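Quick notes on the structure that follows.
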Amino acid sequence: MHNIDVVMATQADLPAFKALLRCFAEERGELHQMDEAHASAHLSERLAYGMSFLARKAGEPIGTIMCRPLDLGFRMGSDIETDYTYVIESERKLPVITALLNAAESFADSRGATLIMHQLDYLAAVAGSKSNGDRVEKLYRRRRYVAGNVVYARQPYVRVGLTYLYTGATSQAVQGMKLPGVRLIREKAIQS
């Protein structure tokens, strides 16, 4: 089994994030509509916050959690919210998502912040179809995140998303979990 490394992403990781975005678009049957210029600008903006994490296996990008400060409209909040959580289909296994969640939690802990975990399937919302929220919710409950809001869309009001909170206190619930082959690379920004 190859080690899984999770690093805090920088602008230099833009090509890796574009590759992950291409995988997502292809998985959803939308690759033919991918706008490369828009994708680059969008991802660059998200990477500029310095709150995104990249999972790699054997040096290849396999997943991400992209975060940003909570924007309250009238000011930036001190808490953090997720923009995207994505792992390529062949790597959707507990060690990968656990390594990504651990990195995001450690970052939130280092700032004394709450981490607001969003899962919203925009394409399901538009189509009025059910999202993969059940699997995500099971994982969040297992990690003892605090339940937040469920998002419904279109008649007959299908569930397309959910929000949970990591408040720092839950880290005790997962500290004892050890997964072989997972290594978190902590940048100085996370440790300070």
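Just so we're clear, the structure is a prediction, and the values are computed from it rather than from any experiment.
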Which heavy atom of [X] sits nearest to which heavy atom of [Y], and what is that distance?
X	Y	result
C67	Y49	O-CB, 4.2 Å
F107	G50	CZ-O, 4.1 Å
F53	A104	CE1-CA, 3.8 Å
R111	I80	CD-CD1, 3.9 Å

### Summary
With sequence neighbours left out, the residues meeting ring pair (Phe, Tyr, Trp, His ring centres under 6.0 Å) with H32 are none
### Message
Evaluate L94 against R142 for side chain to side chain contact (heavy atoms under 4.5 Å, CB included), listing each step before the verdict.
### Response
CA-CA 11 Å; L94 188 57; R142 181 177 183 189; 3.1 Å; yes
Any side-chain heavy atom of [X] sitting closer than 4.5 Å to one from [Y]?
X	Y	value
L43	M66	yes
N102	R143	yes
I4	L100	no
K93	V87	no

### Summary
Sorted by chain and residue number, the salt bridge (Lys or Arg N to Asp or Glu O under 4.0 Å) partners of E60 (sequence neighbours excluded) come out as none
### Any pair counted as side chain to side chain donor-acceptor pair (under 3.5 Å), so long as it reaches residues 70-80, sequence neighbours left out
none
Quick check for you: to the nearest 0.5 Å, what is the distance between [X] atom [atom1] and [Y] atom [atom2]?
X	Y	atom1	atom2	value
Y84	I65	OH	CD1	14.5 Å
I97	I62	CD1	CD1	10.0 Å
L115	T167	CG	OG1	10.0 Å
M51	M8	CE	CE	8.0 Å

#### Entry: T85 and L101: CA distance, side-chain angles, deciding distance, side chain to side chain contact (heavy atoms under 4.5 Å, CB included) verdict
CA-CA 9 Å; T85 303; L101 290 171; 5.7 Å; no
### Query
Which residues pass the side-chain contact (heavy atoms from CB on, under 4.5 Å) test with E26, sequence neighbours left out?
L31
### Query
How about Y164 and Y140: are their ring centroids closer than 6.0 Å?
yes
Contacts of type side-chain hydrogen bond (donor to acceptor under 3.5 Å, both in side chains), residue [X], not counting sequence neighbours:
X	answer
D83	R46, R68
E91	K57
Q11	S44

Result block: side-chain N/O donor-acceptor pairs under 3.5 angstrom for residues 15-25, not counting sequence neighbours:
| residue | atom | partner | partner atom | Å |
| --- | --- | --- | --- | --- |
| K18 | NZ | E36 | OE1 | 3.1 |
| K18 | NZ | S40 | OG | 2.9 |
| R22 | NE | E36 | OE2 | 3.4 |
| R22 | NH2 | E36 | OE1 | 3.3 |

